[in-house]
Engineer: 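To start, I am sharing the structure in question, which I have written as structure tokens.
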Amino acid sequence: GHGPVAARGLAQGEDCATDAAGGGSPAAASPAAAASPAGGGGENGGTPPNIAFLPKDVENDYFVTAAGGAEEAAAEIGGEFQQVGPATASAAEQVTYVQTLTQQEVDAIVVSANDPDALSPSLQAAMDQGIAVVSYDSDVAAEARMAFVNQANSEAIGRIQVQIMGRLLGCEGEIAILSAASTATNQNAWIEFMRDELERPGYENLELVTVEYGDDDAQVSYDTTVELLTAYPDLRGIISPTSVGIAAAAQALEAEGRGGDVQLTGLGLPNALRAYVESGTIEEFALWNPVDLGYLAYYTAAALVDGTITGALGETFEAGRLGSYTIGESGEVLLGPPFVFNAENIGEFDF
Amino acid sequence: MDHVAGQPGTPVVELVGVAKRFGAVQALRGVDLALFPGEVHALVGENGAGKSTLVKMLAGVHRPDLGEVRIDGAAVSLGGPLEARDRGIAVIHQHPTLFPDLDVAENVFMGRQPRDRFGRVAWRTMYREVDGLLASLGVRIDVRGPVRGLAVADQQLVEIAKALSLNARVLVMDEPTASLSAREVDRLFAIVRRLRERGVALLFVSHRLEEIFALCDRITVFRDGAHVVTAPTSELTPESTIRQMVGRRLEALFPKEPAEIGEVVLRVRGLTRTGVFRDIGFDLRRGEILGLFGLVGAGRTEVARVLFGADRVDAGEVWVDGAAVAIDSPTTALRHGIGYVPEDRHGQGLVLDFPIGANVTLPILPRLGRRGLLDRGRERALAGEYAQRLQVKASGLDQAASALSGGNQQKVVLGKWLATEPKVLILDEPTRGIDVGTKAEVHRIVSRLAARGMAILLISSELPEVLAMSDRVLVMHEGRLTGTFDRGAADQERVMVAATGQAAAGAVAPQPPAPSIGGGVLSGSLPVGDR
Amino acid sequence: MTTADGAIGTGPSAGRLRADRLVGLVGRVRELGLLVALAVLVAAVTAREPRFLSLNNARTILLAVSILAVVAVGQTLVVLTRNVDLSVASIVGVTAFVAGDLFKQNPGLSVPLVVALACLLGLALGALNGALVTLGRVPAIVATLGTLYVYRGVAFWIAGGEQITVADVPQGYRDIAMTRLFGVPNPILIAAAVAVVAAYLLRTSPVGRQLYAIGGNPEAARLAGIRSDRLVFGAFAVCGLLCGLAGVLWGSRFGRIDARAASGYELQVVAAVVVGGVNIFGGVGTVLGAVLGAVVLGTVANALTILRFSPFWLQAISGLAILVAVTLDLLITRRVGRALVARRNR
Amino acid sequence: MSAPPAAPVVRRRGVAPGALLRWEALLVVLLLGAVALGAATSPVFLRGSNFSLLASGTMEKAIMALPMTLVVVAAEIDLSVASTLGLASAVVGVGWAAGMPLWLCIVAALLVGALCGAVNGLLVTRLGLPSLVVTLGTLALYRGLASVLLGAEAVSDYPGWFTGFGFGAIPGTGVPWTFVLFAALLAVFLVVLHGSWVGRQLYAIGLSPEAARFSAVRVARLKFWLFVASGTLAALAGVVFTARISSSRADNAVGFELDVVAAVLLGGVSIFGGRGTLVGVVLSLAVIATVRNVLALNNVGAELQNITVGALLILSVLGPNLARRLPRRRLGAPSAPGRSAAPAPGSSAGAGG
Ligand SMILES: Nc1ncnc2c1ncn2[C@@H]1O[C@H](COP(=O)(O)OP(=O)(O)OP(=O)(O)O)[C@@H](O)[C@H]1O
Ligand SMILES: Nc1ncnc2c1ncn2[C@@H]1O[C@H](COP(=O)(O)OP(=O)(O)OP(=O)(O)O)[C@@H](O)[C@H]1O
Ligand SMILES: [Mg+2]
Ligand SMILES: [Mg+2]
């Protein structure tokens, strides 16, 4: 079954935060009521759209999963779908892919940017050629795309991970962050919000001691985790906002026999983390449904291609089984708040 | 072929009509050679006559294009060095083939180490055997130390030990004495004679005719890859052998032209390189050929390298034309008009893969063109001029230096340095491994250069050459000057005494007699030495 | 035969013999130097952070370098023969992925079988490198730069964006890297065993000595009747085999594997070998050195984290460590060598 | 017979012209094949805009390949180029972020590149360390410095003229500006390697550093400046790269060094030094860029592109080798098996200084 979009498992009151206002919990920008299952585009707009997805890298299970949703959407609309991209997250290579896709005259490019600025000139060139450009997952400069399908805003993602950790540790103890590459933009944005969340009253005793980088490499992430344990003997928790990092950290904690002793949370995929949730190394972790993200991104691109929307504020379109969406500030389409997985609900997901 | 009387039975090894071609070069054109048990057979010929090629054929390195190799009368195909070895043929190659970072004993036994019952290398046995072998050669070399850093002569001795360790029926030696001192040569000869008595067949390749006539039973002469003659030593004389080798009568071997000796061009005082040589001082004048004699390892090359800027010096001073100079690189040496023809032709003298022309012009390229660009026209003209002057035998200036015979390669190196129009030319073993014909030519060239006013430092291990060519002779022993002789006063005996260090205390002045040219600043006992 | 009645070498005998012994020591001095450097490093870091010097942390470091050490041993064999294998990381990646994929596609497959298949795959890929170099006469650096791309490409091709997760492999497979013997994690024991066996064979077997000979002077090796091609081929094959083993350890240890596993690792491997005093031009070096090189690099990385250096400094300091190590090694070797020559000539 | 003075030309390269022509002819055939394949399989391949795409994406590597060719001809190697590129990009970024005028940032980046090259050069020529080892170390060092400088930041918001230079083409022609820059550099390098005495000396160094030194070639000095040139041009490539992707990040162009080396080797430059031409390298760059472009237009992923490039690299050496070996097998004396990394051990002896 497909994942729900609302944030289950996290009740507002359980936060460490004691201030009432705060940047707190994400606005529940949930979709409108379920609408017609058939998409908004296809039928009224002549030829089926030819839409290309360009993820950060094609080896990441996250994007592979998202591509599954896009394919599902393509099948519903009857459009074409292809996913191309670099093997390792590289902005420069993405530029080349954008140019190649432009040459190929696809109808729309859906891109998750390794670098928000690197892609701008080439994406703008693509738009000049009449190609619809949508960003998803990781945004590009606003003027270089028509819409941004946001899985959940950075703020929500950043804060929720700290909130989970706070809850797991009873709001006190040393924690560390294990990120991906130091240059990963959305990671860095999330980490900023994590820091901000930690500034809030109530988190005084939760101390972030370091941010380390595992380069989205299993070995580096693993070794770094183990070294963290030695360097910070009082370490109580690790937040790893990357699917590679959290899996490697879990593996390392289990190998060191520290699973459950040092709490681990972050962003990850249920299938990759199921074993660790079952063994108790990870109690809770967050994510949105990447299948839905790909699905929504495809529908957004299709709507742009057939002219249903232009990316202007307030426009609405139908996104198949997800229902109707409205374009928000600066072309943003928000999938929904992040979702928290735990031992009870993880069995419901298969991606 | 003409079997020589007194050679009983069948030859152990026989080459019949073998031919070998390398690209455009026909190295061997159908030659015959038979080796009998209990004979020492000399193989002589000019550079490039094909001697080493034949040796490599026996070693299983090259296979003949035509003809066959017979062992004990039966035709065999020597597929590789291993096969040759297994058939009882041991070879000492012209250039040492050692493993610099392995120890001496391993070098001797590489590829066939003694093993213990678990198939492991039996190190103790190996060390013991090699110790014994070297002792029989009368040398003390640590068998557990690496070969790197051994003097060339010692390396050659390791090679010899290696060949001896095979207990072969046939021992082939390609110029084994080229870098040995007289005593070592004597010892080697004693062993060779002993092996002959045991019925080993020996093939001995050398350019030193006096050695050949002292040691060998029969002599085979090659010329241009063809067999010329095989005859008992008794039927030949050095003169007739040379005639067969070069195919013509030879003019004087050491044609020294009279030259007017002028002012001091190069003055050296107190030159010291710690651990290598000490307190070297001499004057070299215009038109003078200054011989520098010594046994191998005396440090002559080291002195030359320092004068050429290839090595650094720890103390001492050098003046060129009266001006003190600091020569820190070959480029500086070139600027001061010093040229150096190194003893290692292949490694240092030539870029082997470059054509003749590019080799000749390499040091002067920056002068040849304008604004850094090459001037191919001038380059060709210049290279052609020197090739012509030195009579380099080649198909053209485009021929790669690697395809030339040793003598012609040496001429190219000479041409290269002459093209720089040096004031001082240092020649390091300019005729080593060069056949008599070419040797005479080189001597003539050197002599003519001196006559035209060039100052020449002639380093040689060949005493007759030094004595005949030099106006003055310096002698080195273990890194020190042990003698200085004027042309008239230098005779074989006195020079040898100095070279072996027997003259040690005070018999000769370590510094040259003080010439008072250039203001006499440097006369008398000079404040030389370490600083 | 007669005995020597006098030395006619180049120098006085007694001094020379002693000097030559010392030359023999230089080989060992290289590793000694590295050990000293390691000790200094450990002492310096411990002075600032006592926790660094603990059994636990030693285990962490050794565990972190164990896979690197296995590959470095293989690389050493190749480098000794005056070759290099740049494709090691790709082989590790391919074998790690294929092993995981075998389990994923055929749940219930026996663990030893998969391990054997992965090692065999490594062997085959290494052998292909060897064939290109010996039969094809392609310079090793060119051939293995090519196969670096090709093998990695094959890994991507097979993977097609899929990952292997812990859920895909049986516990028995994970146990290879996860279990401990007397408190020592398996990978360390495996790496140590590989290193000890390789070191022993290199020192005592004729074939081992011949590898040195080939690298020291290929021409002379040929003249000595050594079947160089066969041995070089063998060195590449064994290196591939060890990469296969490393791939198994990799998959077993990290749980999650994608087609990028170990990419870029070749540079670390070469760095470890070089820091370990193995001459990149062949003929000189030991397995012990290479393993020590890996340990030094691992210790530096570990120390930086323990000392709470900003992670941004890590790579720069690792690079610096490589340069310092090779420079020191060179200076020491050179000084000893010069002293010896001077002595010999006295 | 003595050599006639008017003998044929003095060849400028240490390689038989026949072999040379064969290699470059092979590359031309490959190139034509790739173009034909592209024209046949993709309707957009022959468009001008496609050339622009094909060219612009490869210019940084092409710029680094120029000095790399010279470095490899001199029997050395520089693995630190991509890291130098990254460091230069970081320098531009940090400078720009600090409010320095952009031209000054660029100059600073070039100076830093030169300095990086000088460090490599000093370590190689002064200490006599193998360049493979030195540049492996500086590969990590320079990349590390880039990440120290930039940390997790990325600097972008570069002015339009700058990104326009990296991204745009001469109006109306489809010829990228960066290509013009490359062409100008190529002209310089062609003259240096094939028309000047420096080039000739580089070949001599590559073939025999010892003989070159004994021929009064300033081996150490030339090598030093070669590394400086390599570092400077890598920095220039960093500027180009920064402009093209309008962003400075610590991980810019990670792993490019192997692509550059691969292009040089495919171009027929011998890893042992002394052999090869810039024409071959340019052809090889064109072949690689075209093949990748054709494959990409046909939606063939990066992995298969890499397999293709790797296979080309191997086959380009293997093919001729096998062809040559068949008839010559009997000749014996095959080249020593697998000599790998660059020159012989003694090669750096020229660095004595
Ligand atoms: N491997 C090779 N490739 C090409 N030419 C070769 C090769 N080996 C020998 N030659 C050529 O074959 C000819 C015979 O060479 P060889 O070495 O047998 O002469 P040699 O009689 O030993 O001379 P020297 O007295 O100088 O040692 C020479 O012209 C030489 O250049
Ligand atoms: N490769 C080397 N390593 C260490 N020492 C060396 C080396 N080559 C020479 N030597 C030492 O330097 C000294 C002089 O060298 P060398 O043998 O070249 O002298 P030489 O008089 O020029 O002899 P020749 O030129 O006849 O070979 C010797 O004592 C020798 O031991
Ligand atoms: Mg010979
Ligand atoms: Mg000498």
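Naming: A, B, ... by sequence-line order, numbering from 1 per chain.
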Engineer: Quick one: pull up CG in D:Leu139 and OG in C:Ser318 and give me the separation to the nearest 0.5 Å.
Structural biologist: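 It is 11.5 Å, given to the nearest 0.5 Å.
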
Engineer: For the CZ atom on C:Arg230, are there more than 12 heavy atoms of other groups (residues, nucleotides or ligands in this structure) within a distance under 6.0 Å?
Structural biologist: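 No.
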
Engineer: Kindly give the heavy-atom pair with the smallest separation between C:Pro139 and D:Val317, and that separation in Å.
Structural biologist: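 Smallest interatomic distance, heavy atoms only, reads CD-CG1, 3.9 Å.
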
Engineer: Give the intermediate values and the outcome of side-chain hydrogen bond (donor to acceptor under 3.5 Å, both in side chains) for residues C:Tyr149 and D:Asp259.
Structural biologist: CA-CA 10 Å; C:Tyr149 287 113; D:Asp259 291 354; 2.4 Å; yes

Engineer: Please report the interatomic distance CG(D:Leu141) to CD(C:Gln315), rounded to the nearest 0.5 Å.
Structural biologist: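 The CG atom of D:Leu141 sits 9.0 Å away from the CD atom of C:Gln315.
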
Engineer: What heavy-atom pair brings D:Ala140 and C:Gly319 nearest, and what distance separates the two atoms?
Structural biologist: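 Reported closest heavy-atom pair: CB-CA, 3.6 Å.
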
Engineer: Do you know which of C:Leu267, C:Leu320, C:Ile322, C:Val79 has the most heavy-atom pairs with chain D at a distance under 4.5 angstrom?
Structural biologist: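 If we count pairs closer than 4.5 Å to chain D, C:Leu267 comes out on top.
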
Engineer: Who among D:Ile307, D:Val133, D:Leu318, D:Leu313 has the most heavy-atom pairs with chain C under 4.5 Å?
Structural biologist: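 Between D:Ile307, D:Val133, D:Leu318, D:Leu313, the count favours D:Ile307.
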
Engineer: Is chain D contacted by the side chain of C:Glu266, its backbone, both, or neither, given a heavy-atom distance below 4.5 Å?
Structural biologist: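 Only the side chain of C:Glu266 comes within 4.5 Å of chain D.
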
Engineer: Select one option (side chain, backbone, both, neither) describing which atoms of C:Ala143 are under 4.5 Å from chain D's heavy atoms.
Structural biologist: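 Contact with chain D is through the backbone of C:Ala143 alone.
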
Engineer: Tell me, side chain or backbone of C:Val275 under 4.5 Å from chain D's heavy atoms, or both, or neither?
Structural biologist: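 Neither part.
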
Engineer: Does any backbone or side-chain atom of C:Leu86 lie under 4.5 Å from a heavy atom of chain D? Answer side chain, backbone, both or neither.
Structural biologist: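 Interface part for C:Leu86: neither.
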
Engineer: D:Leu129 and side chain to side chain contact (heavy atoms under 4.5 Å, CB included): which partner among C:Thr327, C:Leu323, C:Ile280?
Structural biologist: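 The residue from C:Thr327, C:Leu323, C:Ile280 that satisfies side chain to side chain contact (heavy atoms under 4.5 Å, CB included) with D:Leu129 turns out to be C:Thr327.
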
Engineer: Which atoms of C:Ile317 come close to chain D, meaning under 4.5 Å heavy atom to heavy atom: side chain ones, backbone ones, both, or neither?
Structural biologist: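 For C:Ile317, neither part sits under 4.5 Å from chain D.
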
Engineer: Indicate yes or no: at least one non-hydrogen side-chain atom of D:Ile314 is less than 4.5 angstrom from one of C:Val142.
Structural biologist: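 Not in contact.
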
Engineer: Kindly give the heavy-atom pair with the smallest separation between D:Ala311 and C:Val150, and that separation in Å.
Structural biologist: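 Looks like N-CG2, 3.6 Å.
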
Engineer: Give, as side chain, backbone, both or neither, the part of D:Leu258 having an atom under 4.5 angstrom from any heavy atom of chain C.
Structural biologist: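 For D:Leu258, heavy atoms of backbone and side chain both lie under 4.5 Å from chain C.
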
Engineer: Give, as side chain, backbone, both or neither, the part of D:Leu266 having an atom under 4.5 angstrom from any heavy atom of chain C.
Structural biologist: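 Neither part.
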
Engineer: So for C:Val274, is it side chain, backbone, both, or neither that comes closer than 4.5 Å to the heavy atoms of chain D?
Structural biologist: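 When you check distances to chain D, only side chain atoms of C:Val274 fall under 4.5 Å.
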
